[in-house]
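Computed from a predicted structure; not experimentally measured.
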Amino acid sequence: MITPNISAYFRFEQLPEYKNVTRKGVTEPRKQPRFDLTAMAGYWSALDALKNHKGQLYFNLIPTDKNEYRKQEGTTPEYYLQCTPAKSKAINFSGIRFQYENGKETFFANGEPSNRETLKGGVKNPMYGQRNDAFLFLFSKDMQVLEVLVIEHGRLLIDAYRKQLSMGGLDGVISSLRGQAKTTNSL
């Protein structure tokens, strides 16, 4: 078993105050879930470049089928995590590829940052320096919590790491990272 080099752990949650959105004075439920950063351990240098002008980091979970320009083939992830860095348009943090068992999605997924220097619309990729890193995603059963493990230089082996995660091979590491994590309001 190969142990991945985990450089950071992030915990994102769907917070009650962001379950609805108000536009033009009308409050309605969000169409896509919003996951806000609530705790973290470790360090990932691209993190600061992804925060918005208020210093927050949150992701919107966008299903692939909502974007008519995405191809619907085996290489297309099921979802995208979008964020809006300060002084930028919304960008895709990562696609999310779930592991399937018996034809059903599990709560284990993986992804990676774009390896392009410039993203769609001419936006400079804030994760370009970390393009060889990869992500393991662990969703809670109720889809209210998203945990992200940043695997340093893990792009080529990320599918194997996802399988290892699903088989419990990283349970001890995750438990330790959860214990080390500091809430974002204390950072």
Trainee: Closest heavy-atom contact between Gln130 and Ser45?
Mentor: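 Answer, listing the atom of Gln130 first, then Ser45: NE2-OG, 2.5 Å.
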Trainee: For Leu47 and Met40, which heavy atoms make the closest approach, and how far apart are they?
Mentor: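 Closest approach of Leu47 to Met40: CD2-CE, 3.4 Å.
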Trainee: Taking all non-hydrogen atoms of both residues, which atom of Glu78 and which atom of Ile96 are closest, and how far apart?
Mentor: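 In terms of heavy atoms, the two residues are closest at OE1-O, 2.9 Å.
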Trainee: Identify which one of Val145, Leu57, Thr184 satisfies the side-chain contact (heavy atoms from CB on, under 4.5 Å) criterion when paired with Phe12.
Mentor: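 Exactly one candidate clears the test, Leu57.
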Trainee: Salt bridge or not for Glu112 and Arg97, using N-O below 4.0 Å?
Mentor: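 Yes.
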Trainee: Which residue in the set Phe35, Phe93, Tyr18 passes ring pair (Phe, Tyr, Trp, His ring centres under 6.0 Å) when paired with Phe59?
Mentor: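 Of the listed options, the one satisfying the test is Phe93.
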Trainee: Only one of Phe139, Phe137, Phe108 forms a side-chain contact (heavy atoms from CB on, under 4.5 Å) with Phe98, so which one is it?
Mentor: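 Checked Phe139, Phe137, Phe108 against Phe98; only one passes side-chain contact (heavy atoms from CB on, under 4.5 Å): Phe139.
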Trainee: Between Ile62 and Asn92, does the side-chain contact (heavy atoms from CB on, under 4.5 Å) criterion hold? Intermediate values first, please.
Mentor: CA-CA 9 Å; Ile62 311 294; Asn92 288 334; 5.9 Å; no
Trainee: Under the criterion side-chain contact (heavy atoms from CB on, under 4.5 Å), which of Gln14, Met143, Lys19 is the partner of Pro33?
Mentor: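 Single side-chain contact (heavy atoms from CB on, under 4.5 Å) partner of Pro33 among Gln14, Met143, Lys19: Gln14.
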Trainee: For the CZ atom of Arg116 and the CG atom of Asn125, what is their distance to the nearest 0.5 Å?
Mentor: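 Those atoms lie 10.0 Å apart.
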Trainee: Are the ring centres of Trp44 and Tyr9 closer than 6.0 Å?
Mentor: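 No - the distance between ring centres of Trp44 and Tyr9 does not fall below the 6.0 Å cut-off.
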Trainee: List the atom of Pro126, the atom of Ala46, and the distance in Å for their closest heavy-atom pair.
Mentor: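 What the structure gives for the nearest pair is O-CB, 3.9 Å.
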Trainee: Group every Ile, Leu, Val, Met, Phe, Trp and Tyr by side-chain heavy-atom contacts under 4.5 Å, then state whether Val150 and Tyr128 land in the same group.
Mentor: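 Shared cluster, no.
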Trainee: Scan side-chain atoms only and decide if Gln99 and Ser166 contain a donor-acceptor pair under the 3.5 Å cut-off.
Mentor: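 Yes, because at least one side-chain N or O of Gln99 sits under 3.5 Å from a partner of the opposite role on Ser166.
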Trainee: Would you give the length of the straight line joining atom CG of Asp159 to atom CD of Gln164, rounded to the nearest 0.5 angstrom?
Mentor: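 Atom-to-atom, Asp159:CG and Gln164:CD are 12.5 Å apart.
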Trainee: Hey, could you give me the CD1/CG distance between Ile91 and Leu50, rounded to the nearest 0.5 Å?
Mentor: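 One gets 5.5 Å once the value is rounded to the nearest 0.5 Å.
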Trainee: Ser140 side chain to Gln144 main-chain N or O, any donor-acceptor pair under 3.5 Å?
Mentor: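 Yes; judged by distance alone, with no hydrogens or angles, the pair exists.
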Trainee: So, do Asn60 and Arg30 sit near enough that their side-chain heavy atoms are less than 4.5 Å apart?
Mentor: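 A side-chain contact under 4.5 Å exists here.
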Trainee: Assess, by modelled atom type and distance only, whether the side chains of Arg162 and Asn110 contain a donor and an acceptor separated by less than 3.5 Å.
Mentor: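 Yes, side-chain donor-acceptor contact under 3.5 Å.
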Trainee: State, with a plain yes or no, whether a side-chain heavy atom of Gln32 is found less than 4.5 Å away from one of Pro63.
Mentor: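 Yes, side chains in contact.
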Trainee: For a quick test of reading the model, state the closest non-hydrogen atom pair linking Ala181 to Ala39 and the distance between them.
Mentor: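 So the two residues come closest at CB-CB, 4.1 Å.
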Trainee: What distance do Asn115 atom CG and Arg131 atom CZ have between them, rounded to the nearest 0.5 Å?
Mentor: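 Between atom CG of Asn115 and atom CZ of Arg131 there are 8.0 Å.
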Trainee: Would you say that Val173 contacts Ile6 through its side chain, given a criterion of any heavy-atom pair below 4.5 Å between the two side chains?
Mentor: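 Counting from C-beta outward, Val173 and Ile6 do come under 4.5 Å.
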Trainee: Is Thr64 reaching over with its side chain to a backbone N or O of Pro77, donor-acceptor style, under 3.5 angstrom?
Mentor: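 Yes, Thr64 side chain to Pro77 backbone: donor-acceptor pair under 3.5 Å.
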Trainee: Tell me, yes or no, whether the heavy-atom count around Arg178 atom CZ, taken from other residues, nucleotides or ligands under 6.0 Å, exceeds 12.
Mentor: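 Atom CZ in Arg178 is crowded, with more than 12 foreign heavy atoms closer than 6.0 Å.
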Trainee: Are Leu61 and Val21 grouped together when hydrophobic residues (ILVMFWY) are joined by side-chain heavy atoms under 4.5 angstrom apart?
Mentor: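 No, separate clusters.
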Trainee: Closer than 3.5 angstrom, by distance alone: can the side chain of Thr38 be matched with the main-chain N or O of Arg11 as a donor-acceptor pair?
Mentor: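 Yes.
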Trainee: In Å and rounded to the nearest 0.5 Å, what is the CD to CG distance from Gln56 to Leu37?
Mentor: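 If we round to the nearest 0.5 Å, Gln56:CD and Leu37:CG are 10.0 Å apart.
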Trainee: At their closest point, which heavy atom of Asp133 faces which heavy atom of Glu152, and how far apart are they?
Mentor: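 Taking Asp133 first and Glu152 second, the nearest heavy atoms are OD1-CA, 3.4 Å.
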Trainee: Begin with the C-alpha distance, continue with both residues' side-chain angles, and end with the deciding distance and a verdict on side-chain contact (heavy atoms from CB on, under 4.5 Å) for Ile151 and Leu136.
Mentor: CA-CA 7 Å; Ile151 311 299; Leu136 289 174; 4.0 Å; yes
Trainee: Using 0.5 Å steps for rounding, measure from the SG atom of Cys83 to the NZ atom of Lys51.
Mentor: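 Separation between the atoms: 12.0 Å.
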Trainee: Does Phe135 share a hydrophobic cluster with Leu119, counting links as ILVMFWY side-chain heavy atoms below 4.5 Å and allowing steps through other members?
Mentor: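 Both belong to a single hydrophobic cluster.
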Trainee: I'd like to know if the side chain of Arg34 reaches the main chain of Leu15, judged simply by a donor and an acceptor atom lying under 3.5 Å from each other, with no hydrogens or angles considered.
Mentor: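 Not a single qualifying donor-acceptor pair exists.
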Trainee: If hydrophobic clusters are built by linking Ile, Leu, Val, Met, Phe, Trp and Tyr wherever their side-chain heavy atoms come under 4.5 Å apart, do Leu157 and Leu170 end up in the same one?
Mentor: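 Same cluster.
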Trainee: How far apart are the C-alpha atoms of Lys120 and Lys89, what are their side-chain angles, what is the distance that settles it, and do they pass the side-chain contact (heavy atoms from CB on, under 4.5 Å) test?
Mentor: CA-CA 10 Å; Lys120 197 173 192 177; Lys89 300 176 191 177; over 6 Å; no
